[in-house]
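I have placed the structure first, in the form of structure tokens, so that the comments after it can refer back to it.
Computed over heavy atoms, backbone and side chain alike; hydrogens, waters and symmetry mates excluded. Convention: sequence-line order gives letters A, B, ...; per-chain numbering from 1. This is a predicted model, so every value here is computed, not measured.
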There are 2 protein chains.
Amino acid sequence: MNTIRSPQPPPSLTRSVEDYLKSVFHLTSQGGFATTSDIAEMLDVAPPSVSGMMKRLSETGLIEHVPYRGVQLTPQGRRAALQMIRRHRILESYLTSKLGYDWGDVHVEAERLEHAVSEKLIERMADALGEPRYDPHGAPIPTAAGEIEEAELVPLAESEVGSSLVLQEVGDEHPARLHYLAEQGLTPGVRLTVIDRQPFNGPTIVRLGDGTTRVVGQELALLLFCRSSDGE
Amino acid sequence: MNTIRSPQPPPSLTRSVEDYLKSVFHLTSQGGFATTSDIAEMLDVAPPSVSGMMKRLSETGLIEHVPYRGVQLTPQGRRAALQMIRRHRILESYLTSKLGYDWGDVHVEAERLEHAVSEKLIERMADALGEPRYDPHGAPIPTAAGEIEEAELVPLAESEVGSSLVLQEVGDEHPARLHYLAEQGLTPGVRLTVIDRQPFNGPTIVRLGDGTTRVVGQELALLLFCRSSDGE
DNA sequence: ACAGTGCATTAGCCTAGACTAAATTTCAAC
DNA sequence: GTTGAAATTTAGTCTAGGCTAATGCACTGT
């Protein structure tokens with residue numbers, strides 16, 4: 001008996017491949033190469049595992065690998081990465097606004113779901129949400145066509161004292177930190193005035209839109225990405 | 001020239017433990033053992049793959065394996081299987097009522113998602129739906145505690161001519177057949193009176209609640225599970 | 001009772017994707 | 001320019017879960 005089973009290798013990507021592409025995307029967002037050890041650290045795997053995967057990914061044309069230097073995404077790899085990022089951020093948005101998830105908990109759930117959802121489901125969710133442009137952490141959501149907004153944001157920790165800012169994006173996914181930030185009212189969209197900063201990487205002191213002040217340690221202030229609100 | 005066989009088989013998708021447990025559950029729902037070849041056929045894998053997996057599953061205590069006879073679920077395996085079935089059916093219900101999915105399309109989507117969703121997400125979905133008891137195909141949804149309703153249903157093909165029935169469950173997941181059935185108004189909940197049946201496995205003729213009649217071929221009539229509506 | 005048939009299992013191989021240990025390359029410091 | 005440390009790649013191994021081919025078991029028919 002000669003039953004035909006999988007007639008051709010499915011075009012779908014392995015779970016891990018998708019994670020590797022996302023990592024490379026994030027690590028090269030400022031330009032340059034993603035290094036083996038950075039990818040390894042981000043995915044919590046050993047460096048040789050990364051080397052092996054980079055070999056496979058460059059054979060399939062998703063990345064460009066310069067030995068001993070690092071990797072970059074090809075246009076095809078970038079498209080695949082942006083698709084995953086769109087999935088992730090639409091899922092986070094949907095879980096938050098339609099199923100009552102806390103913004104600290106959505107990341108882990110989306111991280112698993114993004115590998116299993118169909119394009120159709122993502123588009124239905126996006127539609128139900130009214131095609132959101134930002135996820136609950138303020139990160140821009142790539143369009144279905146694969147375009148993503150690139151804003152010039154500055155971490156609060158590196159902002160100028162005296163400047164007026166709007167908190168645009170929280171660059172972190174750890175539940176505990178996100179809970180704390182939400183308690184402090186430090187969520188995307190809030191207006192900030194930078195009052196002062198202590199020396200030697202000390203905390204930044206800000207006044208919020210409601211007139212109250214917050215003292216934000218450097219570790220957290222590095223995660224709060226702001227845009228200037230001058231002239232608004 | 002002889003056809004040259006490809007030297008290596010194409011990469012096939014790997015079925016998870018969860019899929020095996022679901023198969024065993026369904027194949028043993030009438031009691032008895034699930035056989036290796038039935039499981040293999042249901043999951044579209046080769047019989048030796050099933051033997052191998054059954055070995056692993058019985059080592060972890062999820063199934064009882066009687067060599068050359070078949071397998072049954074242990075209580076622990078049954079719990080795991082019912083959890084997967086709950087996930088699947090809640091997902092199907094949610095996709096249908098909250099995201100506008102057609103009842104023919106939900107199965108494939110749920111099949112992938114059920115391995116990725118958390119318990120928490122399923123319970124949120126169930127809550128948003130008002131704790132539904134049946135999925136869009138009329139199949140009972142196990143409770144979070146792992147209990148499932150077992151109804152005595154008879155396929156329309158085996159119903160008595162003259163009887164009054166309610167279509168309770170459509171035992172199929174093929175989009176094309178489901179679309180056709182929906183067109184014919186043969187969806188769970190509809191009342192049927194069995195008018196006649198042609199001999200030699202011929203079609204069953206039914207009158208619907210609205211007075212119209214349908215001629216249902218045996219293949220489909222075997223998939224329409226009904227309960228008696230006498231005295232309603 | 002036993003031969004044949006058909007299903008189940010074992011044996012042996014393959015790939016993906018992990019790992020560790022060893023070898024290689026790069027680069028910075030002298 | 002050489003040297004040594006750090007990063008990267010290669011080599012070799014492991015596991016899960018597929019596969020095919022070969023073998024083993026059980027049941028049916030004579």
Side-chain angles (χ1 to χ4, degrees), chain A residues 1-24 27-28 32-72 80 111-112 115, chain B residues 3-24 27-28 32-72 80 111-112 115:
Chain A
M1 189 176 79
N2 239 335
T3 27
I4 296 170
R5 226 169 292 282
S6 305
Q8 55 186 11
S12 63
L13 302 171
T14 295
R15 189 213 112 94
S16 298
V17 166
E18 293 166 345
D19 288 334
Y20 279 96
L21 290 177
K22 276 204 316 182
S23 289
V24 175
L27 290 168
T28 55
F33 290 91
T35 68
T36 298
S37 40
D38 284 350
I39 299 167
E41 191 189 350
M42 185 170 280
L43 294 177
D44 195 25
V45 296
S49 306
V50 177
S51 284
M53 183 59 88
M54 292 305 108
K55 185 146 179 267
R56 276 169 251 148
L57 291 184
S58 60
E59 277 160 9
T60 58
L62 291 162
I63 62 166
E64 203 65 54
H65 185 196
V66 182
Y68 291 100
R69 272 286 136 66
V71 298
Q72 283 181 318
E111 197 70 20
R112 275 177 293 106
H115 305 293
Chain B
T3 307
I4 297 176
R5 288 290 167 80
S6 55
Q8 49 195 3
S12 40
L13 69 120
T14 131
R15 314 303 302 245
S16 68
V17 165
E18 292 163 346
D19 288 328
Y20 280 94
L21 291 177
K22 276 205 317 181
S23 289
V24 175
L27 290 168
T28 55
F33 290 91
T35 68
T36 298
S37 41
D38 284 349
I39 299 167
E41 191 189 351
M42 185 171 281
L43 295 177
D44 192 26
V45 296
S49 304
V50 176
S51 283
M53 183 58 91
M54 292 306 107
K55 186 146 181 264
R56 277 169 248 147
L57 291 183
S58 61
E59 276 161 9
T60 58
L62 291 162
I63 63 166
E64 203 64 55
H65 185 194
V66 182
Y68 293 98
R69 274 285 138 67
V71 298
Q72 282 180 318
E111 197 70 18
R112 275 176 294 107
H115 304 295

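For the pair Leu43(B)/Val50(B), no side-chain contact is recorded, criterion being any heavy-atom separation below 4.5 Å from C-beta on.
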For nucleotides 19-27 of chain C, give me one character per nucleotide, 5' to 3': B if any protein heavy atom sits under 4.0 Å from the base, S if the only such contacts are to the sugar-phosphate, - if neither.
BBB--BSSS

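Between His65(A) and Gly70(A), the closest heavy-atom pair is CD2-O, 3.4 Å. Thr28(B) and Ala34(B) make their closest contact through CG2-N, 3.5 Å (heavy atoms, listed as atom of the first residue, atom of the second, distance). Residues Arg69(A) and Thr35(A) come closest through the heavy atom pair O-CG2, 4.2 Å. Residues Met54(A) and Ile39(A) approach most closely at SD-CD1, 4.2 Å, considering heavy atoms. Listed here is the closest heavy atom pair of Thr36(B) and Pro47(B): CG2-O, 3.6 Å.
If you take OG on Ser16(A) and NE2 on His115(A), they are separated by 8.0 Å, rounding to the nearest 0.5 Å. Here Arg56(A) contributes atom CZ and Glu59(A) contributes atom CD; the two are 9.0 Å apart, rounded to the nearest 0.5 Å. Here CZ of Phe33(B) is found 11.0 Å from CD1 of Ile63(B). Values are rounded to the nearest 0.5 Å. Expressed to the nearest 0.5 Å, how far CD of Glu111(A) lies from CG of Asp19(A) amounts to 6.0 Å.
Spacing between atom CD of Glu18(A) and atom P of dG17(C) amounts to 11 Å, rounded to whole angstrom units. Remark: C1' of dT8(D) and CG of Asp38(A) are 13 Å apart, rounded to the nearest angstrom. Atom-to-atom, CD of Glu59(A) to P of dT15(C) comes out at 13 Å; the value is rounded to the nearest Å. Atom NE2 of His115(B) is separated from atom P of dG17(D) by 12 Å (rounded to the nearest Å). To the nearest angstrom, P of dT8(D) lies 13 Å from CD1 of Ile63(A). In this structure, CG of Leu21(B) is placed 15 Å from C1' of dG17(D), rounded to the nearest angstrom. Atom CE in Met54(B) sits about 12 Å away from atom P in dA8(C), given to the nearest Å. Between the CG atom of Leu27(B) and the C1' atom of dA8(C) there is a distance of 16 Å, rounded to whole Å.
OP1 and OP2 of dA8(C) both lie 4.0 Å or more from every side-chain N or O belonging to His65(B). Under 4.0 angstrom from either OP1 or OP2 of dC7(C) there lies no side-chain N or O belonging to Thr35(B). Residue Ser51(A) places no side-chain N or O under 4.0 Å from the OP1 or OP2 atom of dT10(D). Between dA18(C) and Ser16(A), a contact under 4.0 Å exists linking OP1 or OP2 to a side-chain N or O. Taking side-chain N and O atoms only, Arg56(A) has a distance below 4.0 Å to OP1 or OP2 of dG17(C).
Contact annotation for Ser37(A): backbone-only contact, meaning every heavy-atom pair under 4.0 Å involves sugar-phosphate atoms and none involves a base.
Relative to the side chain of Tyr20(B), the nucleotides dT9(C), dG18(D), dT9(D) differ in distance, and dG18(D) lies closest. Here the side chain of Met53(A) is nearest to one of dA18(C), dT9(D), dA8(C), namely dA18(C).
Rotation axes derived from the C1' atoms of the five outermost pairs at either end of the helix from dA1(C)-dT30(D) to dC30(C)-dG1(D) lie 10° apart, to the nearest 10°.
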